[in-house]
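Read through the structure below, which is laid out as structure tokens, and then see the notes.
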Amino acid sequence: MNRSVISLVVLAALVFAGLSAVFIVDEREKALVMRFGRVVNVQEAPGLALKMPFVDEVVKYDDRILSLEVGPLEVTPLDDRRLVVDAFARYRITDVRRFREAVGVGNIGAAESRLDNIMRDQTREVLGTVSSNDILSSDRAALMLRIRNGAIAQAEGLGLEVIDVRLKRTDLPQANLEATFARMRAEREREAADEIARGEEAAQRVRAQADRTEVELVSEAEREAEVIRGEADAQRNSIFAEAYGADPEFFEFYRSLTAYSRSLQAGNSSLVLSPDSEFFNYLKSSQGTAGVARE
């Protein structure tokens, strides 16, 4: 009985030891086998792997591409126009042994802290050699490549590979932004004032031209009217002269009647005349042939 119990205990111990000697590496991971704090094996291929039970420790690291957000930082380009830049990086752990030696037990958090410092230094260094217009133009793709290449060289010491670097936001600091907006508003207001002044000047020219055209048209119309009136008066006088020459007595009679019609109108028929006035000669004559009544 005792032998059976001992055998079961030994078997269980062997099974437990065997299980403790085996570990699984996922295809998304890399593993280090640590023995008393020292790296004794690197397991990068996925699948089953062996270690010394109860002695070795397995530390696993993510083998996928990871992201690092670099917080806002101020940079000063060549034109001394300060900018606030946000960036992010894509990286992966390529050398787990060197990674472990560089960051120790701090793991991925410590590595990202150091990589963040590298990214900040490289961003300031590269963007400080160009103008702000270059940063805001299509040249920023080449600048991001320069930042990545500089970060690659420094990240190798951490066992990391920087795959890509991108600049997300590139803005002015808040104080500079407000000053820039104020300057832009002032410039737009000045341009608007210039446009208004030019418009007023053009309007004055148009009004002056219109007034001149009006005066010329009115003068021309009045001249033509005077010419027409003169021609009409000449034609009227010619007709009167022809009529007078055809029958002078009838013409005198007609003119007297016209004078009576104009003078003796309703509401204005009171006349003060001398008794011997010739105005009513045709009315006083029984034959209707006395002297001529004039207008």
Side-chain angles (χ1 to χ4, degrees), residues 23-34 39 41-47 49 57-79 81-174 176-177:
F23 64 94
I24 299 175
V25 178
D26 191 272
E27 60 185 3
R28 297 167 297 180
E29 297 175 333
K30 293 180 181 180
L32 286 179
V33 179
M34 309 291 298
V39 178
N41 187 23
V42 177
Q43 187 65 35
E44 296 184 352
E57 176 189 4
V58 178
V59 181
K60 296 180 180 180
Y61 297 100
D62 202 327
D63 192 34
R64 295 172 295 182
I65 296 177
L66 305 176
S67 298
L68 173 66
E69 295 285 340
V70 181
L73 70 153
E74 287 193 7
V75 298
T76 305
L78 287 178
D79 52 7
R81 186 182 180 184
R82 292 191 305 162
L83 297 174
V84 177
V85 177
D86 283 348
F88 75 91
R90 300 287 187 182
Y91 73 98
R92 69 186 304 173
I93 302 173
T94 55
D95 190 336
V96 289
R97 183 188 295 272
R98 182 178 296 178
F99 181 82
R100 177 71 180 191
E101 293 173 352
V103 303
V105 296
N107 213 332
I108 198 68
E112 288 191 344
S113 177
R114 295 174 63 175
L115 182 59
D116 182 82
N117 293 333
I118 293 173
M119 290 296 304
R120 288 176 177 273
D121 292 341
Q122 285 299 312
T123 302
R124 288 194 178 97
E125 179 179 346
V126 172
L127 299 186
T129 61
V130 296
S131 67
S132 57
N133 291 333
D134 294 331
I135 298 174
L136 300 175
S137 68
S138 58
D139 294 338
R140 64 188 294 155
L143 297 177
M144 291 186 292
L145 184 61
R146 288 175 55 189
I147 295 172
R148 190 202 71 172
N149 293 338
I152 287 176
Q154 298 187 41
E156 285 181 355
L158 300 176
L160 303 177
E161 178 190 5
V162 179
I163 299 173
D164 192 19
V165 173
R166 294 291 170 180
L167 299 178
K168 298 191 300 181
R169 180 174 64 96
T170 306
D171 290 332
L172 294 172
Q174 188 61 34
N176 294 12
L177 197 60

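The figures that follow rest on heavy atoms only: side chains count, while hydrogens, waters and symmetry mates do not. The residues of the chain are indexed from 1 along the displayed sequence.
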Got a second to check how far [X]'s [atom1] is from [Y]'s [atom2], nearest 0.5 Å?
{"X": "Glu29", "Y": "Asp63", "atom1": "CD", "atom2": "CG", "answer": "9.0 Å"}
{"X": "Ile65", "Y": "Ile93", "atom1": "CD1", "atom2": "CD1", "answer": "12.5 Å"}
{"X": "Ile147", "Y": "Ile118", "atom1": "CD1", "atom2": "CD1", "answer": "13.5 Å"}

Closest approach of [X] and [Y], non-hydrogen atoms and distance?
{"X": "Ala87", "Y": "Leu167", "value": "CB-CD2, 3.9 Å"}
{"X": "Asp86", "Y": "Pro72", "value": "OD1-CA, 2.9 Å"}
{"X": "Ala110", "Y": "Val103", "value": "CB-CB, 4.3 Å"}

ask   = Is there a donor-acceptor pair closer than 3.5 Å between any side-chain N or O of Lys30 and the backbone N or O of Asp95?
value = no

Expected list for residues 120-131: side-chain donor-acceptor pairs under 3.5 angstrom, two or more places apart:
unit_1	atom_1	unit_2	atom_2	d
Arg120	NE	Asp116	OD2	2.9
Thr123	OG1	Met119	O	2.7
Arg124	NE	Glu74	O	3.4
Thr129	OG1	Val126	O	2.6
Thr129	OG1	Arg146	NH2	3.3
Ser131	OG	Asp134	N	3.4
Ser131	OG	Asp134	OD2	3.2

Atom pairs and distances, side-chain donor-acceptor, residues 148-157, under 3.5 Å, sequence neighbours left out:
unit_1	atom_1	unit_2	atom_2	d
Arg148	NH1	Ile163	O	3.4
Asn149	ND2	Leu145	O	3.3

message = I'd like to check the side-chain hydrogen bond (donor to acceptor under 3.5 Å, both in side chains) partners of Arg114; sequence neighbours left out, ordered by chain and number.
response = none

ask   = Are Leu115 and Val162 close enough, and set up right, to give a side-chain contact (heavy atoms from CB on, under 4.5 Å), and what steps lead you there?
value = CA-CA 9 Å; Leu115 182 59; Val162 179; 4.1 Å; yes

